[in-house]
Amino acid sequence: LFSVGYVGTRGTYLAESHDINYPRFVPGGSSNAFSNVMSRRPWGAESLQQITEHGSDFNSMYNSLQVAFTKRYSNGLTYIGNYTLSSLAQQQGVRNWANARLDYYSPGVIHSFSVGFSYTLPVPTGRARISKALLGGWTIGGNVRANSGQYGSIGSNNCGTFNYGSAGCYATFTGGSPYSSNKGAPLIQKGSQVGVYWLDASKFIDANQALVDGVPTTSPEVGQRLFLGNAIVGTYKGPGAFWTDLSLRKEFAITERWRLSYRIEAVNAFNHVNLNMPGNTTFQSDMTQFGRINSAGNPRQVQMSAHIIF
């Protein structure tokens, strides 16, 4: 069986909460500073700080192409699988509550694939009874999964130093490829691999900076406008992943009433390295560890079990 379909969902009135008494920013004014954060709060200046409002005004939109295929059990074999090409538009946080819509978008498409199968080996013919009992009736099962990776952003630790509590920010992506020229290559220190190269730190500057003759330069407009950055979710993509889990099982008849059930399973059977997302993806003064992948998913794990059934 084979089917192709479109699946879409829309979410409305999704819950959110935020501080409605955040310090307002005065565009073009010189009154934006740390010293007057309290006076720039619209309610209860100098006395009230955070006022949290709980609302239901966020939305989401999911669109996908879904392909499914199934083989019913015959000749010892059955399988079921699917492939999905999807895009999810949703609120990717909020940098500036005066314009929350700015951060409602889809970072890109994601591919995912999964197939599960089971195959029972036939009982060999022309062999002794004990050979048939030992060699026949084994069932091989498994699951294969893959995806194209998740999207990420580059934050900044310095938003407060130029937005003065009025807004958050991302770093600024200067263009080109965000990836290291050694992307995917081992990072070796003192003769041992400590990670994998992924992102290029030189392609990111702080939100309040611009490149002037190739040199990151702080904008003279600090204090006069907000700096939100552009290294939003979707600026880069993390590694894809691939898993194969396998199992082998069989029941041995001991007597008419007693049976032995044996099973062996291997998770990530081929010991494929599935890298996690890059770490240290925040613009800061020390960028030596920026954008490197320092961890991965679990290696191959094998387990066996035996049960007496009566």
Side-chain angles (χ1 to χ4, degrees), residues 10-62 87-108 150-175 178 199 203-211 216-236 280-285 290:
R10 177 171 174 78
T12 58
Y13 303 107
L14 303 180
E16 60 86 8
S17 62
H18 70 284
D19 177 18
I20 61 173
N21 201 31
Y22 67 90
R24 299 312 195 254
F25 196 88
V26 183
S30 59
S31 58
N32 303 296
F34 283 121
S35 59
N36 60 10
V37 165
M38 291 299 295
S39 64
R40 288 188 289 113
R41 295 182 183 273
W43 293 286
E46 307 298 341
S47 58
L48 291 178
Q49 294 189 22
Q50 180 170 314
I51 301 176
T52 301
E53 178 184 75
H54 299 274
S56 301
D57 49 7
F58 277 0
N59 301 306
S60 68
M61 176 64 79
Y62 174 80
S87 172
L88 174 62
Q90 63 181 357
Q91 200 70 38
Q92 308 285 347
V94 177
R95 285 170 286 175
N96 179 15
W97 279 101
N99 184 16
R101 183 178 292 274
L102 178 67
D103 291 306
Y104 175 81
Y105 59 89
S106 170
Q150 302 297 313
Y151 292 93
S153 61
I154 306 298
S156 171
N157 277 340
N158 306 315
C159 304
T161 63
F162 44 78
N163 287 338
Y164 306 113
S166 295
C169 70
Y170 291 106
T172 294
F173 175 47
T174 59
L199 298 175
K203 295 300 180 68
F204 300 94
I205 57 178
D206 217 348
N208 67 330
Q209 295 179 323
L211 289 180
T217 304
T218 300
S219 170
E221 297 181 293
V222 170
Q224 301 178 37
R225 69 177 181 87
L226 292 174
F227 293 87
L228 304 179
N230 65 356
I232 60 176
V233 178
T235 300
Y236 74 91
N280 298 301
T281 54
T282 300
F283 183 89
Q284 51 196 317
S285 57
F290 176 83

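Numbers here are sequence positions counted from 1.
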Drop me the distance from [X]'s [atom1] to [Y]'s [atom2], to the nearest 0.5 angstrom.
| X | Y | atom1 | atom2 | result |
| --- | --- | --- | --- | --- |
| Ser87 | Tyr105 | OG | OH | 12.0 Å |
| Asn208 | Thr217 | CG | OG1 | 10.5 Å |
| Phe25 | Gln224 | CZ | CD | 8.5 Å |
| Asn158 | Thr161 | CG | OG1 | 5.0 Å |
| Cys169 | Asn230 | SG | CG | 11.0 Å |

Any pair counted as salt bridge (charged side-chain N to carboxylate O under 4.0 Å, His left out), so long as it reaches [range], sequence neighbours left out:
| range | result |
| --- | --- |
| residues 155-165 | none |
| residues 31-45 | Asp19-Arg41 |
| residues 156-175 | none |
| residues 94-104 | Arg95-Asp103 |

Expected output: side-chain Asn163 to main-chain Leu226 donor-acceptor under 3.5 Å:
no
Between [X] and [Y], which heavy-atom pair has the shortest distance, and what is it?
| X | Y | answer |
| --- | --- | --- |
| Gly155 | Ala171 | O-CB, 3.6 Å |
| Pro23 | Ser166 | O-OG, 2.7 Å |
| Pro42 | Ile20 | CG-O, 4.1 Å |
| Gly223 | Asn32 | O-ND2, 2.9 Å |
| Ser153 | Ala231 | CB-O, 3.3 Å |
| Asn59 | Thr12 | OD1-CA, 3.4 Å |

I'd like to check [X] versus [Y] (side-chain heavy atoms, cut-off strictly below 4.5 Å). Are they in contact?
| X | Y | answer |
| --- | --- | --- |
| Tyr170 | Val233 | yes |
| Asp206 | Pro216 | no |
| Val26 | Arg24 | no |

Next on the checklist: I'd like to know if the side chain of Asn157 pairs up with that of Thr282 as donor and acceptor (distance under 3.5 Å, no hydrogens or angles considered).
Outcome noted: no
Only counting residues at least two apart or in another chain, list the ones meeting side chain to side chain donor-acceptor pair (under 3.5 Å) with [X].
| X | answer |
| --- | --- |
| Glu221 | Arg225 |
| Thr172 | none |
| Glu53 | none |
| Asn96 | none |

Taken in chain and number order and not counting sequence neighbours, the residues that satisfy side-chain contact (heavy atoms from CB on, under 4.5 Å) with Thr281 are Ile154, Leu199, Tyr236, Pro278
Sequence neighbours excluded, the answer for side-chain contact (heavy atoms from CB on, under 4.5 Å) partners of Gln90 is Ser60, Leu88, Gln92
Ring geometry between Phe227 and Phe162 (parallel below 30°, tilted from 30 to 60°, perpendicular above 60°): perpendicular
By ring pair (Phe, Tyr, Trp, His ring centres under 6.0 Å), Phe290 pairs with (sequence neighbours left out) Phe204
Ring pair (Phe, Tyr, Trp, His ring centres under 6.0 Å) filter on Tyr164, not counting sequence neighbours, yields Phe34
